[in-house]
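In what follows, every heavy atom counts, from backbone to side chain, and hydrogens, waters and symmetry copies are set aside. Numbers restart at 1 for each chain; the letters A, B, ... are given by sequence-line order, proteins then strands.
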Amino acid sequence: MARTPIEFRHNGRDQAIFVEEGSNLLDVLRRGVGDFAPKYGCGQGTCGCCTVLVDGEPHLSCLTLAETVAGRSIETTSGLGKGVELHPLQQAFMDNFAAQCGYCTPGMLMAAKSLLDHNPSPSRQEVVEAIAGNICRCTGYEPIIAAVLDASSRMSGRRSA
Amino acid sequence: MTLHPGRGFAAINYPIGMNLGGDPSQALVHSNPDGKFTVALSSIDLGQGMKSVTRQIAAETLGVPVEDVYVDTADSDTGPHCMGSFASRGTHRVGNAVIQAAKEARAVMMEAAAEELEVNPDDLVTDGKGNIHVKGAPSRSIGTGTACAAAQFKQGKTVSGRGIFLVPLSPVDPETGEMTPVTCFAHAAMVVDIEVDDETGEVSVTQMNSAYELGRALNPKLVEQQLVGGAWMGMSHALWETTEPYYPDRSHGPIDFNDYLMPGPGDIAPHHISILERPAPDGPFGGKGPGEMCANPVLPAVANAVFNAVGVRITDLPITPEKVLRGIRANGGAKPQRRW
């Protein structure tokens, strides 16, 4: 199979990599780049575990052709925290017990980050809509919704401070 | 179209663990070279908090800070035997095994500390913050880590302990079949409020109120998150999850996340939970454990609420819009039973 060289930004760093023709972004991130944060769930774009941001927009990396991200910027949960300092979303997920098994968490965090980047003070309904493409089978969603709203108020406190 | 409100109630008794072959679980506890402790288990933590709760139980029994305990559930090939994470048995069965193992390890740690301090081990106490001192004389003290290191590298003792929990097998009365299959029960009661759309047959849950009695809540936040998540699973069993309908045959049935429906974040309802603590005499620090019972009362409560709302008694799950509509039609229209 043909291998194509592509370059993209990965969590703020330039990444150059050969990708197999037709390979998906999730495979390239996990096997090529070694970023194991995005998870493989269903492989057909219905569970949301593999959600990453492409130029700030949430994308299902299992359905995204790797070659289409050439020259674009990819964000995953590996890039959320700064060193040991967690992103307010990560801290709010911990404080609100928004994970049990944790498998959906990386996708939830990226869907939530995209929401808060575009809409820093979302309503509960807007949070529900933002995570509606991400399946969670442990928490019953309520702690996740609470965590995103909590992160939003923490971040607005930080902005006004 | 009318939205009919309905309210349903259910109460359950839930047995903790089971007694098929004694329901055993084992634990091994040992001090590492750095004087901290590892608890080895084969019990699986799949998010329910097995590692957290056994860590707390071990630390409390050993008398060391919880930070000084690591729980290893990595490998059921090499770890001590466990029947498994099911039947709401984890906290109770494994917790009891951990207590037994931690007591044995603690005794060695206290002997080692006594030898270092040149006192009688019976005169020593732990402060839970990493120190062992003479009762009434806190200045005569030694760190738990230092005592464990002295045992391992000076006195030639392993600071370790073995634990097992095994339910005495209950004989079956040949005449009546009577036996005692479990050692304790947890209890729950739940009121579910719903709305039924008499045009589409859709049932939406609007509120849940529940009370759970599950012994001492060893980690109240973990208990709460299990109950919230479990009630969601109960809603899912009651109203969503099925491989039906399929028309005209099975090959047209739901096979993936697109069609096999479960409630999404927009389908959930506020859930108010009261935790009642009645410590179990044979539970680890009185704990029984929430486990499967989180989901159980939701199903009968929703079924009762549907009857209350539209007078349709549905006896097979899930309560799909199709079944509700067929029921309403068979009754010649919605027959609200509301008396609240």
Side-chain angles (χ1 to χ4, degrees), chain A residues 39-51 58 60 62-63 91-112 114-115 122-150, chain B residues 44-53 73 85 90 192 204-208 210 217 219-241 254-273 290-292 294-295 298:
Chain A
K39 298 283 180 278
Y40 181 93
C42 64
Q44 58 181 33
T46 46
C47 76
C49 284
C50 66
T51 304
L60 297 162
C62 76
L63 294 187
Q91 191 62 51
F93 266 59
M94 279 177 62
D95 295 344
N96 288 276
F97 284 72
Q100 285 188 36
C101 85
Y103 205 79
C104 72
T105 310
M108 286 286 181
L109 283 168
M110 297 324 285
S114 171
L115 170 71
S123 66
R124 180 189 164 90
Q125 187 54 35
E126 286 167 331
V127 173
V128 165
E129 283 167 22
I131 62 166
N134 295 68
I135 288 177
C136 170
R137 288 292 180 256
C138 304
T139 64
Y141 296 102
E142 186 59 46
I144 296 173
I145 298 167
V148 178
L149 290 170
D150 185 13
Chain B
I44 303 303
D45 191 335
L46 27 75
Q48 81 277 37
M50 193 73 223
K51 279 180 133 173
S52 304
V53 80
T73 60
S85 292
V192 171
S204 41
V205 177
T206 54
Q207 187 174 219
M208 291 189 268
S210 64
N219 186 321
K221 284 301 286 184
L222 286 183
V223 167
E224 186 190 321
Q225 75 162 14
Q226 249 195 53
L227 293 176
V228 171
W232 172 87
M233 293 179 201
M235 262 175 79
S236 191
H237 297 324
L239 296 169
W240 272 267
E241 285 180 64
I255 52 162
D256 58 23
F257 288 135
N258 282 320
D259 309 311
Y260 186 85
L261 298 180
M262 298 172 93
D267 301 313
I268 59 174
H271 185 182
H272 308 286
I273 301 169
E292 287 174 23
C294 305
V298 187

Between A:Gln100 and B:Gln225, is there a donor-acceptor pair closer than 3.5 Å when you use the side chain of the first and the backbone of the second? yes
Side chain, backbone, both or neither: which part of [X] has a non-hydrogen atom closer than 4.5 Å to chain A?
| X | result |
| --- | --- |
| B:Pro270 | neither |
| B:Gln226 | both |
| B:Ile268 | side chain |

Atom of [X], atom of [Y] and distance for their closest heavy-atom approach:
| X | Y | result |
| --- | --- | --- |
| B:Trp232 | A:Cys136 | CH2-O, 3.6 Å |
| B:Pro265 | A:Ala132 | CG-CA, 3.8 Å |
| A:Cys101 | B:Leu46 | CB-O, 3.4 Å |
| A:Gln44 | B:Phe257 | NE2-N, 4.2 Å |

Please classify the contact of [X] with chain B as side chain, backbone, both or neither, using a heavy-atom distance under 4.5 Å.
| X | answer |
| --- | --- |
| A:Ile131 | both |
| A:Ala98 | neither |
| A:Ile135 | side chain |
| A:Arg124 | side chain |

B:Val228 and A:Pro143, any side-chain heavy atoms less than 4.5 Å apart: yes
